[in-house]
**Q** 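First the structure, then my questions, so here it is.
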Amino acid sequence: MKIDLSGKTALVTGSTAGIGHAIARGLAAAGADVVINGRTKAKVDAAVVSIVRAVANAKVRGVAADVSTAAGCEALIAALPQADILINNAGIFEPKPFADIPDEDWSRFFETNVMSGVRLSRAYLPDMLKRNWGRIVFISSESALNIPTEMIHYGTTKTAQLAVSRGLAEMTRGTAVTVNSVLPGPTMSEGVEVFVKDLAKANGLSVEEAASNFVKTFRPTSLLQRFASVEEVANMVVYVASKEASATNGAALRVEGGIVQTIA
Ligand code: NAD
């Protein structure tokens with residue numbers, strides 16, 4: 001199977017770093033016209049340069065916009081009125097005991113992790129349906145199914161994404177548009193690296209030891225027994241975004257190394 005996305009425009013939110021950046025690179029390598037997004041112009045520009053360097057003949061540009069706000073989404077939609085592929089990747093996480101999570105954090109997590117995808121899907125999906133081709137992918141998490149006690153607010157937003165994704169898929173009946181979600185497990189993105197480095201420092205461990213301890217202690221059911229790489233997650237997303245994935249719709253696809261101990 002050779003994935004060819006030439007002629008398709010793909011927007012990847014939160015793609016200046018981490019999983020989103022790897023997805024953007026993978027889509028560019030498959031020939032898509034990729035639009036990078038992040039909050040600052042400097043980081044967006046740097047991400048565009050890094051993909052141009054990594055991928056021969058990459059067609060990539062950037063739009064700086066904060067997708068956690070309605071105004072930010074509006075600015076992004078104004079800069080890119082039409083997209084064939086929308087990857088709702090931007091997301092935040094922060095371990096915090098339930099009793100210490102204030103309303104503001106709950107709202108911020110919901111706006112960033114859920115409403116960004118809601119607002120962008122509301123803008124792009126009707127046109128995809130009209131043109132009878134499109135792909136929307138929500139980057140949820142294994143934490144949508146196994147709600148982590150150390151960040152219940154995060155898990156809640158990731159479950160909400162599954163609901164939005166499945167609901168939108170119902171609107172695509174009989175068309176060539178698909179809406180799916182992808183559930184990564186612990187993945188060594190830039191954001192997670194900061195978290196693991198802090199853990200290593202606090203416990204006097206190397207980063208590798210801290211990463212391995214994290215999986216063994218907090219995700220003991222992992223079959224992978226390590227963090228996934230951002231590319232391992234991106235590979236699944238590029239496939240779901242491809243023309244070849246035409247019969248996969250309304251699904252919650254796991255790339256979490258087998259942490260979730262159920263068959264379906
Ligand atoms: P990361 O922190 O490494 O990168 C996130 C990217 O999103 C950065 O480029 C950041 O600048 C951008 N971003 C954040 N808020 C934004 C906003 N309001 N507007 C625009 N851009 C914004 O994160 P990551 O680990 O790559 O996570 C990406 C997605 O994958 C998230 O939705 C996360 O919940 C999900 N996920 C990650 C893991 C993991 O272990 N890394 C596991 C499961 C799910």
Side-chain angles (χ1 to χ4, degrees), residues 11-26 35-48 50-51 62-76 79 87-95 107-117 119-120 137-148 150-151 153-162 164-165 181-197 199 211 214-215 218-219 222 224 226-234 236-237 252-257 259-260:
L11 167 62
V12 187
T13 65
S15 45
T16 57
I19 294 171
H21 192 64
I23 295 169
R25 198 169 51 236
V35 179
I36 297 281
N37 158 255
R39 282 158 297 182
T40 68
K41 185 172 175 335
K43 282 207 172 150
V44 168
D45 289 349
V48 169
S50 116
I51 291 184
V63 179
D66 181 346
V67 296
S68 72
T69 67
C73 288
E74 269 169 40
L76 181 49
I87 313 290
N88 291 311
N89 166 78
I92 52 171
F93 50 91
E94 180 191 29
S107 301
R108 187 164 51 88
F109 271 67
F110 199 78
E111 288 286 326
T112 309
N113 295 358
V114 184
M115 288 310 296
S116 55
R119 290 176 177 130
L120 295 174
V137 183
F138 286 80
I139 307 302
S140 172
S141 169
E142 152 268 320
S143 297
L145 306 179
N146 289 341
I147 304 294
E150 75 274 15
M151 39 185 186
H153 56 341
Y154 173 74
T156 304
T157 63
K158 292 287 142 180
T159 313
Q161 284 183 302
L162 300 187
V164 176
S165 175
S181 47
V182 166
L183 284 62
T187 306
M188 201 45 87
S189 63
E190 274 88 336
V192 163
E193 210 172 345
V194 171
F195 164 69
V196 174
K197 276 185 179 154
L199 270 182
F214 176 87
V215 173
F218 295 104
R219 301 291 185 273
S222 167
L224 195 61
R226 61 169 174 81
F227 277 74
S229 69
V230 290
E231 287 78 17
E232 285 174 305
V233 174
M236 170 70 98
V237 179
L253 303 159
R254 300 179 192 173
V255 202
E256 38 77 13
I259 288 173
V260 180

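Remember, it's a predicted structure, so these values are computed and weren't measured experimentally. Counting starts at 1 for both ligands and their atoms, following the listed order.
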**Q** Tell me the closest heavy-atom pair linking E142 and V260, and the distance in Å.
**A** CG-CG2, 4.0 Å
**Q** So is S143 in contact with ligand 1, going by heavy-atom distances below 4.0 Å?
**A** no
**Q** My understanding is that only one of F218, F227, F214, F93 makes a ring-ring contact (aromatic ring centres under 6.0 Å, His included) with F195; could you say which?
**A** F214
**Q** Please name the pair of heavy atoms, one in N88 and one in S116, separated by the smallest distance, quoted to 0.1 Å.
**A** OD1-O, 4.4 Å
**Q** Show me which atoms of ligand 1 lie under 4.0 Å from any heavy atom of G91.
**A** 31 (C), 32 (O)
**Q** Report the distance from atom CD1 of I259 to atom CG of N146, rounding to the nearest 0.5 Å.
**A** 7.5 Å
**Q** Measuring from the heavy atoms of G185, does anything fall under 4.0 Å of ligand 1?
**A** yes
**Q** H21 and side chain to side chain donor-acceptor pair (under 3.5 Å): which partner among S50, S15, S189?
**A** S50
**Q** May I ask you to list the atoms of ligand 1 that are less than 4.0 angstrom from any heavy atom of F93?
**A** 25 (O)
**Q** Using non-hydrogen atoms of the residue, decide whether E256 is closer than 4.0 angstrom to ligand 1.
**A** no
**Q** Compute the shortest N/O to N/O distance between V67 and ligand 1 and return yes if it is under 3.5 Å, no if not.
**A** yes
**Q** Does the N or O separation between V192 and ligand 1 drop below 3.5 Å for any pair?
**A** no
**Q** List the atom of L183, the atom of A252, and the distance in Å for their closest heavy-atom pair.
**A** CD1-CB, 3.9 Å
**Q** For S140, run the side-chain contact (heavy atoms from CB on, under 4.5 Å) check against L162, V164, L253 and tell me which one passes.
**A** L162
**Q** Any idea which protein heavy atom is nearest atom 37 (C) of ligand 1, and the distance to it?
**A** I19 CD1, 3.6 Å
**Q** What atoms of ligand 1 come closer than 4.0 angstrom to any heavy atom of N37?
**A** 20 (C), 21 (N)
**Q** Locate the shortest heavy-atom distance separating N113 from I92; write the atom from each residue and the value.
**A** OD1-N, 2.9 Å
**Q** How close does the nearest protein non-hydrogen atom get to atom 30 (O) of ligand 1, and which residue and atom is it?
**A** I139 CG2, 3.4 Å
**Q** Does any N/O atom on G191 come nearer than 3.5 Å to any N/O atom on ligand 1?
**A** yes
**Q** How far is atom 12 (C) of ligand 1 from the closest protein heavy atom, and which atom is that?
**A** G14 CA, 3.5 Å
**Q** Of all heavy-atom pairs between V12 and G20, which one has the smallest distance, and what is that distance?
**A** CG1-O, 3.5 Å
**Q** Can you name the atoms of ligand 1, numbered from 1 with element, that are less than 4.0 Å from a heavy atom of S68?
**A** 18 (N)
**Q** Between T187 and G185 (side chain of the first, backbone of the second, donor and acceptor by atom type, cut-off under 3.5 Å), is there such a pair?
**A** yes
**Q** Please report which non-hydrogen protein atom sits nearest to atom 4 (O) of ligand 1, along with the residue it belongs to and the distance in Å to one decimal place.
**A** A17 O, 4.0 Å
**Q** Give the residue, atom name and distance (to 0.1 Å) of the protein heavy atom nearest atom 32 (O) of ligand 1.
**A** N89 O, 2.7 Å
**Q** What residue and atom, counting heavy atoms only, is the protein's closest point to atom 44 (C) of ligand 1, and at what distance?
**A** S140 O, 3.1 Å
**Q** Which atoms from ligand 1 have a heavy atom of D66 less than 4.0 Å away?
**A** 17 (C), 18 (N), 19 (N)
**Q** I'd like to check whether K158 has a polar contact with ligand 1, where a contact means an N/O of the residue lying under 3.5 Å from an N/O of the ligand.
**A** yes
**Q** Any heavy-atom pair between the side chains of L145 and E256 that's under 4.5 Å?
**A** no
**Q** Considering both backbone and side-chain atoms of T187, is one of its nitrogen or oxygen atoms within less than 3.5 Å of a nitrogen or oxygen in ligand 1?
**A** yes
**Q** Please check if the side chain of N89 supplies one atom and the backbone of G14 the other of a donor-acceptor pair under 3.5 Å.
**A** yes
**Q** As an exercise, identify every atom of ligand 1 less than 4.0 angstrom from a heavy atom of A65.
**A** 19 (N), 20 (C)
**Q** Polar-atom distance check: R39 versus ligand 1, any N or O pair below 3.5 Å?
**A** yes
**Q** Is it true that a side-chain atom of S165 and a backbone atom of Q161 form a donor plus acceptor pair closer than 3.5 Å?
**A** no
**Q** Please check this pair: side chain of S222 against backbone of R219, looking for a donor-acceptor N/O pair closer than 3.5 Å.
**A** no
**Q** Can you list the atoms of ligand 1 that are under 4.0 Å from a heavy atom of G18?
**A** 3 (O), 26 (O)
**Q** Return the closest protein heavy atom for atom 24 (P) of ligand 1 as residue, atom name and distance.
**A** S189 OG, 3.4 Å
**Q** Does Y154 reach ligand 1 with a nitrogen or oxygen that is under 3.5 Å from one of the ligand's nitrogen or oxygen atoms?
**A** yes
**Q** If we ignore hydrogens and angles and just use 3.5 Å, is the side chain of S143 paired with the main-chain N or O of P148 as donor and acceptor?
**A** no
**Q** Within less than 4.0 angstrom of ligand 1, does A228 place any heavy atom?
**A** no
**Q** So, regarding P186 and ligand 1 (criterion: nitrogen or oxygen to nitrogen or oxygen, under 3.5 Å), is there a contact or not?
**A** no
**Q** Without swapping roles, check the side chain of E190 against the backbone of G18 for a donor-acceptor pair under 3.5 Å.
**A** yes
**Q** Please write down residue, atom name and distance for the protein heavy atom closest to atom 8 (C) of ligand 1.
**A** T16 OG1, 3.8 Å
